[in-house]
Amino acid sequence: MEFRHLGRSGLMVSEISYGNWITHGSQVEEDAALACVRAALDSGITTFDTADVYAGTRAESVLGRALKGERREGLEIFTKVYWPTGPGRNDRGLSRKHIMESIDGSLRRLQTDHVDLYQAHRYDYSTPLEETMEAFADVVRSGKAHYIGVSEWKASQLREAHALARELRIPLISNQPQYSMLWRVIETEVIPASEELGIGQIVWSPMAQGVLSGKYLPGQPPPAGSRATDEKSGANFIARFLNDDVLSRVQRLKPLAEQAGLTMAQLAVAWVLQNPNVASAIVGASRPEQVHDNVKAAGVKLDADLLKAIDEIVEPVTERDPAKTESPAQRP
Ligand SMILES: NC(=O)c1ccc[n+]([C@@H]2O[C@H](COP(=O)([O-])OP(=O)(O)OC[C@H]3O[C@@H](n4cnc5c(N)ncnc54)[C@H](OP(=O)(O)O)[C@@H]3O)[C@@H](O)[C@H]2O)c1
């Protein structure tokens with residue numbers, strides 16, 4: 001495993017981190033979840049990402065059980081707040097009330113007294129940013145979180161939050177956006193602003209939810225047990241990538257991966273890590289073999305000719321519009 005600083009902070013994270021969206025507490029059984037976390041730890045992954053909302057709060061509990069007994073100082077545990085965790089109108093968003101209640105719920109489920117990074121899962125247009133940042137400052141000062149991050153925030157929102165964080169003297173060090181060969185919307189605005197502010201990216205769905213592993217073939221039903229067959233939630237989220245144009249182009253990446261001595265999954269994960277503002281690629285897994293495959297992307301350097309060849313193949317199906325970095329206009 002290789003490690004990078006998260007933004008302009010002293011915190012180091014593993015280049016590959018492990019995330020449990022869709023899988024823990026939902027798509028996969030507990031024993032598979034525990035085996036995946038074991039595989040991650042055995043492969044040198046130290047950074048784990050979850051959220052209060054995943055699987056209706058069950059994902060945090062599964063991760064808490066999976067990491068129980070590990071040396072806490074050897075782990076970086078990240079969670080998030082914003083999406084609904086209950087039926088009430090205050091069980092969501094970035095109000096002071098919800099942040100204070102949600103951090104306690106997350107810590108209880110994760111069986112720890114602090115998280116290393118506490119992230120605003122989206123921007124909340126119904127709460128003054130000052131209220132949110134002051135609540136985050138109190139979370140940090142009470143020792144419940146060491147650092148603050150955000151997810152899918154626009155460049156202008158990062159600037160505003162960063163200015164408040166400086167005033168409050170709390171470390172806002174990261175953004176968590178979607179980023180892959182097929183989704184490059186952060187490159188023109190979010191990354192330049194982040195570089196200037198000392199914010200690092202921890203990117204999600206680097207494999208476009210499994211699509212860039214090459215296992216979905218054009219014109220054919222998805223493989224058994226894959227996310228596209230998970231009717232509980234996965235099938236819904238991955239649908240945006242499952243069209244024949246995307247899938248045919250992805251198949252054309254196969255010889256490039258072979259030439260580079262990589263699997264397609266490793267090529268996809270290594271690709272996001274070529275961007276120096278990316279501190280870590282969060283990969284998901286439904287089985288331990290996937291973790292063992294994906295971690296080999298750490299430390300891989302892709303040469304300029306290979307990057308150019310990839311661009312030529314995927315460009316027509318790559319999303320680059322910076323306006324796609326967005327949060328709900330209304331609190332959900
Ligand atoms: N901040 C946010 O808003 C946000 C949103 C989404 C995700 N995230 C974070 O990002 C993490 C990763 O997201 P993701 O799960 O979509 O990432 P991903 O790495 O793009 O996709 C992971 C899925 O791809 C399949 N896969 C993984 N490795 C494979 C391999 N070597 N060969 C074939 N298939 C493979 C598995 O699904 P199957 O085996 O089921 O096909 C696995 O669950 C989440 O857990 C979460 O922590 C954050």
Side-chain angles (χ1 to χ4, degrees), residues 16-43 45 47-51 53-67 178-183 203-254 257-258 262-272 281-298 314 317:
I16 316 284
S17 35
Y18 175 90
N20 70 356
W21 176 55
I22 293 191
T23 52
H24 292 190
S26 183
Q27 181 196 1
V28 308
E29 298 298 332
E30 180 102 357
D31 53 353
L34 298 184
C36 285
V37 172
R38 188 72 257 156
L41 291 165
D42 291 347
S43 316
I45 289 178
T47 308
F48 292 84
D49 182 75
T50 185
V53 68
Y54 293 169
T57 74
R58 289 189 303 279
E60 284 185 332
S61 302
V62 176
L63 189 63
R65 289 193 287 276
L67 293 176
Q178 179 174 181
Y179 190 50
S180 71
M181 287 175 200
L182 299 176
W183 196 268
V203 305
W204 57 270
S205 295
M207 218 184 292
Q209 304 194 39
V211 168
L212 289 167
S213 73
K215 69 183 176 185
Y216 296 100
L217 301 173
Q220 292 194 29
S226 64
R227 183 172 294 186
T229 64
D230 170 37
E231 296 300 333
K232 271 186 241 161
S233 73
N236 224 357
F237 286 108
I238 199 176
R240 70 178 79 140
F241 295 118
L242 296 180
N243 70 68
D244 282 356
D245 193 12
V246 171
L247 300 184
S248 315
R249 286 176 188 280
V250 169
Q251 289 306 307
R252 287 169 55 197
L253 297 173
K254 202 171 198 169
E258 275 165 10
L262 301 170
T263 64
M264 290 179 74
Q266 290 159 7
L267 179 70
V269 178
W271 185 91
V272 300
I282 320 172
V283 299
S286 64
R287 56 204 78 167
E289 306 82 80
Q290 293 174 342
V291 179
H292 290 301
D293 180 3
N294 304 342
V295 288
K296 297 197 187 87
V314 297
V317 293

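Just so it is clear, the structure is predicted and the values come from calculations on it, not from any experiment.
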No-hydrogen, no-angle side-chain donor-acceptor test under 3.5 Å, Ser17 and Asp49: no
Min side-chain heavy-atom separation Phe48-Leu41 under 4.5 Å: yes
Within-4.5 Å side-chain heavy-atom neighbours: Thr263 and Lys296: no
Rounded distance (nearest 0.5 Å) linking atom OH of Tyr54 with atom CG of Leu63: 11.5 Å
Test item: His24 and Thr50 side chains (from C-beta on) under 4.5 Å apart, heavy atoms: no
Nearest-0.5 Å distance, CD1 of residue Ile238 to OG of residue Ser226: 6.5 Å
For Arg249, the option from Asp245, Val246, Leu253 that meets side-chain contact (heavy atoms from CB on, under 4.5 Å): Asp245
CD-CD distance between Gln209 and Gln178, expressed to the nearest 0.5 angstrom: 7.0 Å
Spatial distance of atom OG (Ser233) from atom CD (Gln27) [nearest 0.5 Å]: 7.5 Å
Whether Ser180 side chain and Leu182 backbone form a donor-acceptor pair below 3.5 Å: yes
Non-hydrogen side-chain atoms of Val37 and Val62 separated by less than 4.5 Å: no
Residue pair Pro206 / Ile282: nearest heavy atoms and the distance that separates them: CD-O, 3.0 Å
Closest heavy-atom pair and its distance - Ala59, Asn20: O-ND2, 3.0 Å
Flag side-chain contact, heavy atom, 4.5 Å: Phe241 against Tyr216: no
Nearest heavy-atom neighbours spanning Ala228 and Leu242: CB-CD1, 3.7 Å
Val283 side chain near Gln290 side chain, heavy-atom distance below 4.5 Å: no
Straight-line distance of Tyr18 OH to Asn294 CG, nearest 0.5 Å: 11.0 Å
Separation of Gln266 CD from Met207 CE (nearest 0.5 Å): 9.0 Å
Smallest separation among heavy atoms of Pro288 and Ala39, with atom names: CB-CB, 3.8 Å
Intermediate values then yes/no, side chain to side chain contact (heavy atoms under 4.5 Å, CB included), Leu267 and Met181: CA-CA 10 Å; Leu267 179 70; Met181 287 175 200; 4.0 Å; yes
Donor-acceptor contact below 3.5 Å, side chain Asp244 vs main chain Gly219: yes
Nearest heavy atoms of Val250 and Gly214, plus distance in Å: CG1-CA, 4.0 Å
Side-chain heavy-atom pair Ser205, Trp183 within 4.5 angstrom cut-off: no
For the student: nearest non-hydrogen atoms of Lys232 and Ser26, plus distance: NZ-O, 2.7 Å
Side chains of Val291 and Ser43 in contact at under 4.5 Å (non-hydrogen atoms): yes
Whether Trp271 and Tyr179 hold their rings parallel, tilted or perpendicular, with breakpoints at 30° and 60°: tilted
